[in-house]
Structures are given as C-alpha cells and as structure tokens.
Amino acid sequence: SLADLKAAQARLVQQEKMASLGMLTAGVAHEIKNPLNFVTNFASLSRELLDDLDAEEDPEEAQALREDLRVHAERIEAHARRADGIVRAMLDHARSGGGERRPVDLNALVAEHIDLAWHGACARDPGFSLRVGTDLGDGVGTVELAPQEIGRVLLNLIGNAFDALSEGDVAAQSDEEPHVTVTTRRREDHIEVRVADRGPGVPENVLAKVFEPFFTTKPTGQGIGLGLSLSYDIVTQGHGGTLAVEPTPGGGATFVMTLPVRA
C-alpha cells in the first residue's frame, strides 16, 4: 500500500510538471516562431545572392556579394542556435530529474520566462490583455541554480498572478499601472525575486496553507494544488532559498523568492 501511495504521489507530481510544461509549450510556439522566420528569410535572401553572384562579372561586386552571404550565414547560425536553445529548455523542463546546476544570468532567465508565460497566456486566451511590468535590478548578475527548475517556479508564480487577476475586476483598473510586476534585487547574501499582482489578494486564513501539498483555491478540475508546493520544494530544498507570500501594497499578493549567493 505504501508503494502504491508513493507511486500515486510521483504521478501527481509529474502531472503538475507536465501542466506547467503545457504553459511553457504555448510560449515556446510563439518564441520559436521569430528565429525560424529569420532563418527562412535569410536562407531565401542567400539563394538570391547566389544567383546574383553567378551572374556577376565585376570582381568587386562579386566580393561584396560574398561578404553579404557570409553575414547572412552568421545570422542564420545565430537564430538557429536561439531556436535550438528554446527547444532544449523545453526538453529540460519536461524531464523529471532536478537538472544540472550552473551559473545563470538571473535577469535574463526571469525576462525569458516572463515572455514565455505571457505568450502562453495569449495562446490560451486570445483576449488576454494584462500588463506586465519589470524592474530588473542592476548588478543582480549570475546565480548558481538549475535553470529549468527555477524557470518552472517562475512560470508557476507568474501564471498564478495571471489567474488571480482573471478572477478579479481587472477592467476596473483603468490606470496604466502594470497588473503584474516582477522585480529582482541583489541583497548582501542573496538574490530576491518578487512577483506582485494587483488581484484580490490572499485571505489571512489561506496564507499559512498556500504551500501545502494539494491545497488549492481553484475550482475542481482546474488545479491539483501542487504548483506552489513543488515551487516551494524547488526553492527551499533544492536551492537553499526561501519562498513566501505577503500582501501587495494597495491590494493583491506578492510572492517573494530568495536564492543564496554562492561564492
């Protein structure tokens, strides 16, 4: 019975990971389109340049065409590497393991997953119009972490902020302030990442439960209550950091993740 219970828990954990993978995949579909369009366009232009080169008799013009071809080849390679990196990130995200830890530019990782979360939300809801603001601090630098795991945490926190706002009266917020704001800062011995939303906030009687396994405020069938629990374990047990929630000044909730700065 214990073995069956552990197997069931493992399946639920993997189910939650694959749910976040669905969000990532939707974002990837948008993100990967741009580099692939560049590859296609530069390949087409290169073919035209080759035709011009075959017909060109002036040595100087021919050399200029060769230089253009070289530039196009470099751009094709750069955008192909970009597309490859996106696919690799998605494959890493789908793996059940913890992932390899390495020095990562945290601001770049945060910016990438904001884009993925936003594009994913747009793919699921064509009418999605929430505004996301960023305040990525100077000097945040690199942090030793497993990027696919922290990326999963970021997708979960940002996705939850979107969900909270979808439940509130966003239309009533007529000013130009962002609905969700993501902030990064380097402190003395840790890096701090804040995801703040202007939604209805978290009730006092729920604050102590949000990171408990299987606790969810979502309707039946829309969540199994493992997203924040898994995120908490990734940050605290996997990276020696902290994950907490506090009220956002003016209304809403702010999730605060800290990661230790390793020498």
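- In this view, Asp135 and Arg185 satisfy the salt bridge (Lys or Arg N to Asp or Glu O under 4.0 Å) rule, not counting sequence neighbours.
- Counting only heavy atoms from C-beta outward, the side chains of Val153 and Glu149 never approach each other to under 4.5 Å.
- How far CZ of Arg101 is from CD1 of Ile150: 8.0 Å, rounded to the nearest 0.5 Å.
- Checked against salt bridge (Lys or Arg N to Asp or Glu O under 4.0 Å), Glu61 has no partners two or more places apart in sequence or in another chain.
- Of all non-hydrogen atoms in Asp197 and Ala161, the two that sit nearest each other are CB-CB, 3.8 Å.
- The two residues Ala80 and Val39 make their nearest non-hydrogen contact at N-CG2, 3.9 Å.
- With values rounded to the nearest 0.5 angstrom, Asn41 atom CG is found 10.5 Å from Ser46 atom OG.
- Minimum heavy-atom separation, Ala164 to Pro200: O-CD, 3.3 Å.
- No more than 12 heavy-atom neighbours from other residues, nucleotides or ligands sit within 6.0 angstrom of CG on Asp138.
- By the side chain to side chain contact (heavy atoms under 4.5 Å, CB included) test, Glu74 pairs with Arg70, sequence neighbours left out.
- A continuous path of Ile, Leu, Val, Met, Phe, Trp and Tyr side chains, each step under 4.5 Å between heavy atoms, connects Phe128 with Val132, placing both in one hydrophobic cluster.
- Partners of Glu56 according to the side chain to side chain donor-acceptor pair (under 3.5 Å) rule, which considers only residues two or more places apart in sequence or in another chain, do not exist here.
- Judged purely by atom type and a 3.5 angstrom limit, His179 uses its side chain to pair as donor or acceptor with the backbone of Arg131.
- The closest donor-acceptor contact from the side chain of Asn156 to the backbone of Arg152 lies at 3.5 Å or more, if one exists at all.
- Other residues sharing a hydrophobic cluster with Leu53 under the 4.5 Å side-chain heavy-atom criterion for ILVMFWY residues are Leu49, Leu50, Leu65, Leu69.
- Partners of Asp54 according to the side chain to side chain contact (heavy atoms under 4.5 Å, CB included) rule, which considers only residues two or more places apart in sequence or in another chain, do not exist here.
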Taking only distance into account, with no hydrogens and no angle test, what donor-acceptor pairs under 3.5 Å do side-chain atoms of residues 251-260 form with protein atoms, sequence neighbours excluded?
{"from": "Thr254", "atom 1": "OG1", "to": "Thr248", "atom 2": "OG1", "distance (Å)": "2.6"}
{"from": "Thr258", "atom 1": "OG1", "to": "Thr242", "atom 2": "N", "distance (Å)": "3.2"}
{"from": "Thr258", "atom 1": "OG1", "to": "Thr242", "atom 2": "OG1", "distance (Å)": "2.4"}

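- Every residue meeting the side chain to side chain contact (heavy atoms under 4.5 Å, CB included) condition with Ser44, not counting sequence neighbours, appears here in chain and number order: Arg47, Glu48.
- Taking CD from Glu192 and CG from Leu106, the interatomic distance works out to 11.5 Å, rounded to the nearest 0.5 Å.
- Evaluation of the side chain to side chain donor-acceptor pair (under 3.5 Å) rule for Thr181 yields no partner, not counting sequence neighbours.
- Partners of Asp51 under the side chain to side chain contact (heavy atoms under 4.5 Å, CB included) rule, at least two apart in sequence or in another chain, do not exist in this structure.
- A donor and an acceptor atom, one from each side chain of Asn107 and Thr184, are located under 3.5 Å apart.
- Among residues at least two apart or in separate chains, salt bridge (Lys or Arg N to Asp or Glu O under 4.0 Å) pairs with a member in residues 233-247 are Arg194-Glu246.
- Taking both residues in full, the closest heavy atoms of Gly137 and Val140 are given as O-CG2, 3.1 Å, listed atom of the first, atom of the second, then distance.
- Distance check, rounded to the nearest 0.5 Å: CG of Leu145 to CG of Leu109 gives 6.5 Å.
- A donor-acceptor pair under 3.5 Å links the side-chain atoms of Arg186 to the main chain of Gly139, judged by distance alone.
- Listed by first and then second residue, the ring pair (Phe, Tyr, Trp, His ring centres under 6.0 Å) pairs involving residues 35-57 are Phe38-His79, Phe42-His72 (not counting sequence neighbours).
- To the nearest 0.5 Å, the span separating NE2 on His239 from CD1 on Ile234 amounts to 8.0 Å.
- Around the CD atom of Glu67, the shell of radius 6.0 Å holds more than 12 heavy atoms that belong to other residues, nucleotides or ligands.
- Among all heavy-atom pairs drawn from Arg198 and Pro178, the shortest one is CD-O, 3.0 Å.
- Atom CG in Asp68 sits 11.5 Å away from atom CZ in Arg66 (nearest 0.5 Å).
- Heavy-atom minimum distance, Ala117 versus Ile158: CB-CG2, 3.7 Å.
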